[in-house]
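Before any comments, here is the structure.
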Amino acid sequence: MATSLLPFTGKDLPRRNLGAALPWLLTSLILAMVPLAAELPPWVPVGFVACAFFRQVIEARGWRLPALGWRLGLFAAAVGGVMFDRRDLGDPMTLTALLVALISLKLLELHTARDFVLVALLGYFLLLSGFFYEQSLGRTLFASLSILTNILALARCHGAGGGSATGRTTNAGRRPRGGRLWPTTRLTLTLFGQTLPLTLLCFVLFPRLEGQFFRSLTLVNRAKTGMSEDLSPGSVEGLEQSEVIAFRARLPEGELPAKTLYWRAFTLSVCKGLAWSRGNVEGRDNGRGGSSSSSPSAVNNPPAGVVRIAQQITLVEPHGHKWLFALDRPLAVSAVGFLQHSTGDLSSYRQITSSVIYSVESQPSTAGGLSGGSNAAAPGAPPTLPPDLRANYLRLPSRLGNRARELAKSWRAQQTERGEEERTIAQRGLEFFRDGGFVYSLTPGSYAAEPAQALDEFLFSKRRGFCEHFAAAFGTLMRAADLPARVVVGYQGGQWNPFSGHYTVREADAHAWTEVWLENRGWVRFDPTGFVAPERVEYGAPAYAALAALGARSDGGSLETEELLGRLRQPTGWRWASQQGRFMWDSLEQQWNLWVVDYDAPSQQQVFDRLGLNALGQKVFQQLHLGGGAAASAHREWTAALGGGAIFAVIGAALTLGALAWRARKWWLARRAEDPAVRLYRQFCERLTRLVSKKNPPRAAPAATADFPPRAANEGPLDFAARASRALPARAAQIAEITARYVAVRYGSANGRTLAELRAAVRRFQ
């Protein structure tokens, strides 16, 4: 039986409806607030949960709501607390905290249907605020659960699907329980399911003239990676245990050895000893026209004969800077950034404040080591370093200790005395770290505040450090040995996902290494960490962290270490199941970023191309007779808009026709289900009522029509015939004939001929 819905008024909500709907509303709001809890001041979510709990207690115990004075006091305290904590009203996080605080206080005065609907709508704004900070698949699924709960709360509030809006009580005076849960749940799922097709169509086909769907929502500029443009002892150490995903990379070549995966971020050229920072040579603020930047045409035309490694990079977490990641040394990049030739780094034209997807091609770097490698010059490498850059890459801090200088000069002296290649200087440096008792430690402890003093302390005393310690010290020693050097910061390694064929690089993979300039070979990568802790480079940071936790170390390939690494690479049992589950979820996240978060105008253009809509748009656009550059520049935007408009017009017409067809189908099914005799007799009664109205118009004889109301459901056909004959004496014979035939068909044992005679008699009655 259908139930009446509550109007959107300020009247008190029946306790039956409020008691049935309030828990679901509170659950929906809590689900919407939980993803924001880490971003808000701690007291804001705590206060929200306290207000929600107190409001439920009030409803369960039947207490009165807090007085106006209490509510005003709490309002002033909440607003004052947010402003004191955040101090910036223009900050989106401040506005989000205010929204949560005001929703909390609104719960303490919720008692009408208008209040309930208002709080439910504010819950949607709270959900939208969560997407300002993250648009991941997990966040979207969590938000969908909150939306379903919100719709369920509204359905139970209005008594739809099985609840009652009357608020009646039982004979014992106790308030009855809310209606059954399943009818409102079914209604909620139905409404949610009906919106999905239209939502998908709007998402795919709505015109996108510029920007991306979710990217335009990202209002908060946050640095999530934790990297900075200064390298100092301990700057990368805090990232070692972080599971936050920095980026994902898809390589057409497939899986590569972990020791070859050096993901370049940015270069440091200012040497301070055990600390390094960026300088002018890096072109920190360069853009399209910067001196060290390259034009798009130059970037996309690398030297001939260079081996390329193609990658598609998805930056998951915004870092608030301009650097872009690339494997080894980048050669070409898509339109989001440019290449700085002086450093070999990629830079974005704007700060990375949201997820970004770009394509890049790289050249495998020449790795230096104790074997020396090849003497051949890398394709496209300049034979010599320009004097100004060479001087910059040889500059040392004035307070560098004598012991470090003397150590480096001894390597240069040996190379000169023996007439060896310059690379032997770097090899002796690697031997120094390998055989000098150095230890790779996740917790190396603190060093002197002065970087030059810290260098001596690291090299000749503690000899315990992290990757940045080794990279910074090695680079400083190379400069002291009169070899141009720089430090590169990025990531090393990554986890291969066999389901989607991409690498997932996490903050735990953060790494630093050194590049040394060798004549006729260019910049050569040297990673002293790989000679102190080979497992870190060979198997990646997660495997090394697991080895470190169990106390295993490399000792020439011990059986214990090899067995443990085998278990890490090929887990069994629940470890294998857990790993596969993570791979599947990570693959879904990758597809979500590709097809949803970064669905922009070019992506939509590809969809329109497959549907043939761009061809249609081009034909229509040509009818505008725009000539020259005006037509060429506007064609892409007009094509997208025209294609989206045409699709929406077709969809609107299809939905309208579908609705009309559905109503016609329902009418036809109801008509077929109705008894033919009943339908004919109903038509006869309607015609008879109209004839009486024509004979006695309301203005001439209003009492006549009032004395002949339409046939009621409980009025028998014989009684109605008698009343109709008195109103229309001239039609008494026809009325009696039709009534007799109807009674015979409906209540007697009449055949098909009698039904046909009834149909003919009704047609004659006009």
Side-chain angles (χ1 to χ4, degrees), residues 35 127 130-147 192-193 195-206 208 211-218 224-225 243-256 261 263 309-319 324-327 334-336 352-360 491 494-507 509 576-611:
L127 277 176
F131 284 102
F132 292 162
Y133 307 98
E134 182 182 342
Q135 300 95 35
S136 64
L137 177 59
R139 174 67 62 88
T140 304
L141 295 178
F142 205 79
S144 300
L145 182 60
S146 178
I147 292 173
F192 189 80
T195 61
L196 287 180
L198 186 59
T199 302
L200 293 175
L201 287 174
C202 291
F203 173 78
V204 174
L205 302 174
F206 196 83
R208 281 172 169 78
Q212 297 176 346
F213 183 70
F214 280 134
R215 186 177 298 176
S216 61
L217 295 178
T218 305
K224 295 293 290 291
T225 64
E243 290 296 322
V244 176
I245 298 176
F247 63 92
R248 296 184 178 93
R250 183 184 298 275
L251 276 65
E253 288 79 5
E255 185 177 8
L256 299 176
L261 299 176
W263 308 96
I309 300 178
Q311 310 132 61
Q312 184 184 56
I313 308 293
T314 303
L315 292 182
V316 178
E317 292 293 342
H319 49 62
L324 298 173
F325 304 105
L327 184 63
S334 57
V336 301
I352 306 299
T353 58
S354 60
S355 173
V356 177
I357 295 181
Y358 60 94
S359 298
V360 61
Y491 297 88
Q495 188 176 40
W496 173 256
N497 190 322
F499 288 93
S500 57
H502 74 271
Y503 277 100
T504 299
V505 181
R506 305 180 186 275
E507 297 299 340
D509 298 309
W576 177 87
S578 176
Q579 183 186 70
Q580 299 303 307
R582 291 196 302 270
F583 285 157
M584 293 180 64
W585 178 258
D586 194 54
S587 178
L588 292 175
E589 284 273 11
Q590 172 72 357
Q591 298 303 317
W592 174 263
N593 287 325
L594 288 175
W595 296 105
V596 178
V597 177
D598 287 275
Y599 182 78
D600 53 5
S603 302
Q604 189 182 54
Q605 195 84 7
Q606 295 178 4
V607 174
F608 287 169
D609 287 337
R610 295 178 181 178
L611 297 176

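Since the model is a prediction, treat every value here as computed from it, not as a measurement.
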Using side-chain contact (heavy atoms from CB on, under 4.5 Å) as the criterion, list what pairs up with [X], not counting sequence neighbours.
X	result
Leu200	none
Ala249	Phe247, Leu251, Trp263, Ile313
Leu588	Leu137, Trp585

Hey, could you give me the CG/CZ distance between Leu127 and Phe142, rounded to the nearest 0.5 Å?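 Here the interatomic distance stands at 9.5 Å.
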When rounded to the nearest 0.5 angstrom, what is the spacing between CD in Gln590 and CD1 in Ile245?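 If we round to the nearest 0.5 Å, Gln590:CD and Ile245:CD1 are 9.5 Å apart.
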Shortest non-hydrogen contact from [X] toward [Y]:
X	Y	value
Gly494	Asp509	CA-OD2, 4.0 Å
Gln135	Trp592	O-NE1, 2.7 Å
Asn497	Ser587	ND2-N, 3.6 Å

Under the side chain to side chain donor-acceptor pair (under 3.5 Å) test, residues paired with [X] that sit two or more places apart:
X	answer
Gln591	Trp595
Thr504	His502, Asp586
Gln311	Ser362
Ser578	Arg582

ring-ring contact (aromatic ring centres under 6.0 Å, His included) partners of Tyr503, counting only residues at least two apart: Trp496
Apply side chain to side chain contact (heavy atoms under 4.5 Å, CB included) to the pair Val336 and Leu324, showing each step before the final yes or no. CA-CA 9 Å; Val336 301; Leu324 298 173; 4.1 Å; yes
Tell me if a side-chain donor or acceptor on [X] pairs with a main-chain N or O of [Y] at a distance below 3.5 Å.
X	Y	result
Ser144	Thr140	yes
Tyr358	Phe325	yes
Ser334	Ser359	yes

With sequence neighbours left out, write down each residue that passes salt bridge (charged side-chain N to carboxylate O under 4.0 Å, His left out) with Arg139, or none if nothing qualifies.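 Listed in chain order: Glu134.
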State which residues pass salt bridge (charged side-chain N to carboxylate O under 4.0 Å, His left out) with Arg506; sequence neighbours excluded, sorted by chain then number.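 So Arg506 forms a salt bridge (charged side-chain N to carboxylate O under 4.0 Å, His left out) with Glu243.
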Are any of the side-chain heavy atoms of Gln312 and Pro252 separated by less than 4.5 Å?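 Heavy-atom side-chain distance check fails, nothing below 4.5 Å.
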